[in-house]
Amino acid sequence: MSYLLQNPEFVEKLSEAIPVRTSVRKYLSDNVEQPIINQIIEATEFINAHMQKLGSHARVLFLHENVSRDSLTGFFGFRHDSTGLLVVFVGSKLDGKMADAYLGYASELFILAVEGFGVCTCYNGAMHSPEAVVDSINANNIPYDSEKDYFLCVTSLGYPRERKTFGERLMSGVVGSRKRKPIENRLVESFDVEIPENIQKLLDAAIASPSAVNKQPWRVKLSSDFKTFGIYYAEYREWGMHDAAIFFSHFVIALEQAGIPFEVDHIVDEEPINGFYPIYRVTLQ
């Protein structure tokens, strides 16, 4: 299966956003300008079309009218400022075992894309009022079938209260990545071969991916020739598959940006290894 985005400009923007990606819950009251909103709409349409090509029903809903403030408030004290903009990441039960994986992949493509427009986001999976989210969807006249559709997370988006320079954002991303455990500590089974520098660089882009409370509930299986990469997740983590798909998204973006051809197989029906469950096998061509 091909996960190639086949849009060099878009891939470059995503790649540039990876090291500076930040989560923001406090926004300025300034409205996001219409030209930027138009770019976000265009990116949303591109991502949804890409998901359809993959055979998935997962989609991104960008709501920029009639948004309920209640839909932007989370549990655990995570309160998102209301900017009048809401993004809902919708999964589909029709995607079967891959549903959360497709959803995590699509949501991270979107978040990286809007980061490139200077607009910030933050995953909010602990919604105070899921009903208010559905009300906002309905108010925008977007079809939503509760029998087939579901949403795992939402995000508001806007300009951060504290604007940082590119260098400051890059440094913040580097520091955040250092808090994450290196790939050597995230292998699904023992591996004694030294990882080549070019492969390490690709994996570093994936390691920069966020996860719920930074638990990194994913594992990687490397082949000795570094041609195949299995990506696994911890089933005991509620967001395990979703977070592993975010890791996967960073990895395949790095591959496409580097011009390395690859194919992806879904391996959710294979046996787990050491308590971790398979999702993807990425094979370099």
Side-chain angles (χ1 to χ4, degrees), residues 1-19 21 46-47 50-51 53-56 58 97-98 100-109 112-113 177 180-211 216-234 240-274 276-285:
M1 175 181 293
S2 176
Y3 268 77
L4 289 172
L5 292 164
Q6 297 181 319
N7 184 329
E9 183 179 351
F10 190 67
V11 171
E12 184 173 6
K13 282 187 176 295
L14 300 182
S15 183
E16 290 174 349
I18 286 175
R21 184 196 185 289
F46 177 81
I47 292 167
H50 174 62
M51 297 309 297
K53 289 178 182 177
L54 294 175
S56 169
K97 294 180 181 179
M98 286 295 296
D100 279 1
Y102 278 132
L103 184 56
Y105 173 71
S107 64
E108 187 65 7
L109 290 185
L112 291 173
S177 293
R180 298 181 178 112
K181 294 180 180 178
I183 194 66
E184 290 80 5
N185 294 96
R186 283 295 179 264
L187 299 178
V188 75
E189 56 188 8
S190 60
F191 188 79
D192 298 326
V193 182
E194 184 177 355
I195 300 175
E197 184 177 351
N198 64 320
I199 299 298
Q200 185 66 58
K201 185 177 180 180
L202 296 168
L203 292 170
D204 284 346
I207 290 170
S209 61
S211 59
Q216 295 177 274
W218 41 260
R219 294 294 185 272
V220 179
K221 180 180 179 181
L222 302 175
S223 65
S224 58
D225 61 359
F226 299 101
K227 292 293 186 183
T228 61
F229 303 79
I231 298 176
Y232 294 68
Y233 73 100
M241 177 177 273
H242 181 275
D243 287 345
I246 294 175
F247 174 90
F248 165 79
S249 72
H250 283 223
F251 185 56
V252 294
I253 289 167
L255 287 173
E256 188 165 0
Q257 177 66 6
I260 301 173
F262 64 92
E263 285 288 330
V264 176
D265 293 303
H266 295 162
I267 56 173
V268 290
D269 291 322
E270 294 188 5
E271 293 298 314
I273 299 178
N274 295 327
F276 289 87
Y277 290 76
I279 313 176
Y280 308 101
R281 181 181 296 112
V282 181
T283 305
L284 308 190
Q285 303 297 297

Is a side-chain donor or acceptor of Ser15 paired with a backbone partner of Val11 at a separation under 3.5 angstrom?
no
Contact check, side chains of Glu9 and Asn7, non-hydrogen atoms, under 4.5 Å:
yes
Tell me, with the steps shown, if Val268 and Tyr277 meet side chain to side chain contact (heavy atoms under 4.5 Å, CB included).
CA-CA 7 Å; Val268 290; Tyr277 290 76; over 6 Å; no
4.5 Å side-chain heavy-atom contact, Ser209 and Arg21
no
Carefully, step by step, assess Phe247 and Arg219 under the rule side chain to side chain contact (heavy atoms under 4.5 Å, CB included).
CA-CA 10 Å; Phe247 174 90; Arg219 294 294 185 272; over 6 Å; no
Please report the C-alpha distance between Asn198 and Ile260 in whole Å, then the side-chain angles of each, then the deciding distance to 0.1 Å, and finally whether the side chain to side chain contact (heavy atoms under 4.5 Å, CB included) criterion is met.
CA-CA 11 Å; Asn198 64 320; Ile260 301 173; 5.8 Å; no
Which heavy atom of Glu108 sits nearest to which heavy atom of Ser249, and what is that distance?
CG-OG, 3.3 Å
Under the 3.5 angstrom rule, does the side chain of Asp100 hit a backbone N or O of His242 as a donor-acceptor pair?
no
Mind listing the closest non-hydrogen atom pair of Ile18 and Ala208 along with its distance?
CG2-CB, 4.1 Å
Heavy atoms of Gln216 and Ile207 approach each other most closely as NE2-CG2, 4.4 Å
Rounded to the nearest 0.5 angstrom, the CG-CD distance for Leu203 and Glu184 is 9.0 Å
Calculate, to the nearest 0.5 Å, the distance between atoms CE and OG1 belonging to Met1 and Thr283 respectively.
13.0 Å
For Pro278 against Glu270, the heavy-atom pair lying closest together
CG-O, 3.4 Å
Give, for atom CG of Leu109 and atom CD1 of Ile47, the distance between the pair rounded to the nearest 0.5 Å.
5.0 Å
Closest non-hydrogen contact found for Met241 with Ile279 is CG-CD1, 3.8 Å
With the side chain counted from C-beta on, respond yes when Met51 and Tyr105 share a heavy-atom pair under 4.5 Å apart, and no when they do not.
yes
Grab the two heavy atoms, one from Pro217 and one from Ser211, that are nearest each other, plus how far apart they are.
CD-CB, 3.8 Å
Applying ring pair (Phe, Tyr, Trp, His ring centres under 6.0 Å), run through Phe191 and Phe226 and close with a yes or a no.
CA-CA 11 Å; Phe191 188 79; Phe226 299 101; 5.6 Å; yes
Between Tyr3 and Phe248, does a ring pair (Phe, Tyr, Trp, His ring centres under 6.0 Å) hold up when you go through it step by step?
CA-CA 11 Å; Tyr3 268 77; Phe248 165 79; 5.0 Å; yes
Ignoring hydrogens and geometry, is there a side-chain-to-backbone donor-acceptor pair from Glu256 to Leu5 under 3.5 Å?
yes
Close side-chain approach of Leu112 and Lys13, heavy atoms under 4.5 Å
no
Value for CG (Leu222) from NZ (Lys227), rounded to nearest 0.5 Å, stands at 13.5 Å
In Å and rounded to the nearest 0.5 Å, what is the CH2 to CD1 distance from Trp218 to Ile231?
9.0 Å
Where do Ile199 and Phe229 land on the side chain to side chain contact (heavy atoms under 4.5 Å, CB included) test, with the steps shown first?
CA-CA 11 Å; Ile199 299 298; Phe229 303 79; 3.8 Å; yes
Side chain proximity check, Leu14 to Gln257, heavy atoms < 4.5 angstrom
no
What residues, two or more places apart in sequence or in another chain, satisfy ring pair (Phe, Tyr, Trp, His ring centres under 6.0 Å) together with Tyr102?
His266
Excluding sequence neighbours, so at least two apart, what forms ring pair (Phe, Tyr, Trp, His ring centres under 6.0 Å) with Phe262?
none
Between CG of Asn274 and OG of Ser190, what distance do you get to the nearest 0.5 Å?
8.5 Å
